[in-house]
Amino acid sequence: MPYIVTQSCCSDASCVYACPVNCIHPTPDEPDFLTADMLYVDPKACVDCGACATACPVDAIVSAKKLTDEQKPFIEINADFYRQTRPRPLLAKPVPAAEIRTERQPMRVAIVGSGPSAMYAADELLTQPDVSVTVFDRLPVPYGLARHGVAPDHDKTRRVSELFDIISAQDGFGSYLNVEVGAHVSHDELLDHFHAVIYAVGASADRKLGIPGEGLSGNISATDFVAWYNGHPDHVDRIFDLSQQRAVIVGNGNVALDVARILTSDPDALAATDIAPYALRALRESKIEEVVILGRRGPLESAFTVPEFVGLLGADVDIAIEGELPEVSEGLPYQVEQKLRLLHRVAARPFGERKRIVFRYLASPTEILGTDRVAGIEVSRNELVTDADGRTRAVATGAAERLDAGLVLTSVGYRGVPLPGLPFDAATNVIPNLDGRVLERIEGAVLPGTYVTGWIKRGPTGFIGTNKSCAQQTVQQLADDYNAGRLPEPAGSATEFDHLIRRRQPAVRTAGATKRRSPVRRLLTRS
């Protein structure tokens with residue numbers, strides 16, 4: 001029996017290059033690689049060798065013989081991808097690492113942030129001889145959303161942090177944790193002590209709804225709620241009212257599904273995960289019986305990914321789909337078709353006496369109701385209208401209804417925030433850049449020695465692994481600038497910088513390095 005991909009792709013592509021028969025697609029040389037929810041194994045071409053499972057850094061590929069009941073839908077999902085004939089181009093060679101020529105002195109690079117985009121950038125840089133990387137994070141623990149943004153019951157997705165542990169154990173890697181750039185040390189001071197600075201700070205703020213009542217107690221960001229149950233230091237003292245029977249989540253992306261699943265999960269099952277102990281205690285006392293997920297548009301525009309929804313199917317909870325679902329028809333994009341098939345499958349299931357998650361499409365919040373705290377939400381019914389240019393948008397019909405709720409969580413996207421000493425594009429909420437090189441202003445000149453990667457570079461799009469190709473592009477620009485002599489030598493030494501940090505922030509936490517090498521890079525350099 002073949003091997004099966006069972007979760008969203010980390011975009012590392014190790015499995016693609018390891019496969020001896022080119023049966024894992026889309027590959028990096030196919031146009032849908034970066035936009036795919038996941039990769040797919042062709043069951044007819046797979047020779048059951050297991051090379052892909054060995055190469056995968058996050059254990060996303062499993063033998064069909066070892067699938068759990070919750071993972072079995074992925075057998076059909078993988079096979080369906082190949083029901084329509086698709087071209088099989090010759091597999092491209094792995095993208096070569098950027099080449100940094102260090103005839104002068106060892107190159108020093110500062111990376112601000114320690115999440116996936118930062119760690120992938122560090123890994124790219126550390127493939128080079130005589131290059132050192134120093135990572136900064138304002139928190140006392142590293143890895144950003146990989147640690148504090150992934151649901152505690154998604155243990156396989158969380159394993160990407162094990163890959164980051166290996167990256168941080170490479171020779172030349174160091175870190176300063178509990179240090180905030182802009183407070184303890186400035187951008188100019190970083191440039192005084194490093195050849196270059198890469199900002200990988202993500203998009204740390206949430207988008208707002210912009211409706212009345214948004215400031216009421218009990219209306220919170222789903223991101224903050226996720227950080228709370230994951231033990232984020234900024235949220236350990238938060239208290240959420242879980243005493244009412246219904247909660248409403250605005251938005252239907254992966255974060256929304258994560259939160260809905262955690263709110264309706266059996267606390268005894270969560271006890272075996274890495275959920276924060278205080279959150280587990282609160283969820284044991286929770287009175288929530290129903291979570292309503294609002295989607296502004298229709299089922300075909302669902303924002304969640306196929307693997308995320310499959311994960312919801314295995315939960316001990318009833319799932320309801322309100323309204324009629326479109327029929328599955330030819331011509332739909334593959335991922336849209338798969339989502340629709342799964343929604344139809346859920347809609348046909350009988351209900352039990354369990355907690356319930358309700359998907360309500362064509363619904364937009366117009367007001368958060370309550371006086372001193374949330375008592376409900378007013379929801380407008382929408383219809384889909386196709387513009388002359390072919391774009392489909394949701395338009396209010398004029399009909400509205402009230403949903404009683406004690407908790408309203410918003411999950412409508414992220415946005416970047418300005419950083420001290422750097423330009424910022426308020427329209428797109430990113431640092432203006434050209435392929436990772438920071439610009440003085442939009443369409444301005446390049447800011448020497450300053451780079452970006454991840455969400456602060458491109459906006460909040462893609463998955464954890466999308467940051468790998470993003471980091472490769474940025475590091476290539478940095479390497480080109482260094483090799484061309486456009487990056488001056490730092491005025492201060494590494495020792496002087498260490499003294500500066502310890503004087504400014506006595507509570508700094510540091511990490512050194514040992515001589516271990518990333519398995520990802522080991523594989524790619526062998527290919």
Side-chain angles (χ1 to χ4, degrees), residues 98 100 102 104-128 130-140 142-144 164 167-168 170-202 204 419-423 431 433 436-438 446-457 467 470-472 474-482 486-505 508-513:
I100 297 174
T102 54
R104 293 177 282 171
Q105 66 177 33
M107 183 183 183
R108 303 201 301 271
V109 180
I111 300 180
V112 182
S114 67
S117 58
M119 297 308 296
Y120 284 128
D123 195 32
E124 286 298 311
L125 287 162
L126 292 172
T127 62
Q128 305 298 304
D130 297 323
V131 175
S132 66
V133 169
T134 303
V135 165
F136 296 79
D137 200 298
R138 70 177 187 84
L139 296 179
Y143 307 157
F164 297 159
I167 292 173
S168 62
Q170 294 181 83
D171 190 32
F173 183 97
S175 64
Y176 288 105
L177 305 178
N178 214 27
V179 171
E180 184 174 358
V181 174
H184 299 115
V185 62
S186 70
H187 170 67
D188 288 341
E189 287 172 325
L190 289 179
L191 285 179
D192 284 342
H193 295 84
F194 295 87
H195 291 89
V197 183
I198 300 176
Y199 285 86
V201 294
S204 56
L419 299 174
L422 291 177
I431 292 176
N433 70 93
R437 290 184 175 102
V438 172
V446 169
L447 201 62
T450 310
Y451 305 85
V452 284
T453 187
W455 282 0
I456 198 63
K457 168 187 173 184
N467 294 296
C470 183
Q472 287 175 328
T474 294
V475 171
Q476 184 63 63
Q477 311 310 309
L478 187 157
D480 290 346
D481 289 344
Y482 183 82
R486 290 189 286 266
L487 302 183
E489 295 299 323
S493 68
T495 300
E496 291 169 339
F497 183 78
D498 186 68
H499 292 160
L500 171 68
I501 290 295
R502 294 181 186 281
R503 186 171 65 252
R504 298 268 183 86
Q505 170 55 310
V508 61
R509 296 184 60 184
T510 60

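Ring orientation note: the planes of Phe136 and Phe194 are nearly perpendicular, at an angle over 60° on the 30°/60° scale.
Rounded to the nearest 0.5 Å, atoms CG (Leu487) and OH (Tyr482) are 8.0 Å apart. Rounded to the nearest 0.5 Å, atoms CZ (Arg138) and CD (Glu180) are 6.0 Å apart. Distance check: Leu500 CG to Glu189 CD gives 5.5 Å after rounding to the nearest 0.5 Å.
For His193, the ring-ring contact (aromatic ring centres under 6.0 Å, His included) partners two or more places apart in sequence, or in a different chain, are Phe497. Pro448 pairs by the side-chain contact (heavy atoms from CB on, under 4.5 Å) definition with nothing, not counting sequence neighbours. Judged as a side-chain contact (heavy atoms from CB on, under 4.5 Å), and not counting sequence neighbours, the contacts of Asp498 are Tyr176, Arg502.
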Go through Met107 and Leu478 one step at a time and tell me if the side chain to side chain contact (heavy atoms under 4.5 Å, CB included) criterion holds. CA-CA 11 Å; Met107 183 183 183; Leu478 187 157; 2.9 Å; yes
Quick one, Glu489 with Arg108, criterion salt bridge (charged side-chain N to carboxylate O under 4.0 Å, His left out). Give me CA distance, side-chain angles, the key distance, then yes/no. CA-CA 9 Å; Glu489 295 299 323; Arg108 303 201 301 271; over 6 Å; no
Check against side chain to side chain contact (heavy atoms under 4.5 Å, CB included), Ile198 and Val112: CA-CA 6 Å; Ile198 300 176; Val112 182; over 6 Å; no
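Taking every heavy atom of both residues into account, Asn467 and Pro116 meet most closely at ND2-CB, 3.9 Å. Residues Lys457 and Val452 come closest through the heavy atom pair CD-O, 3.4 Å.
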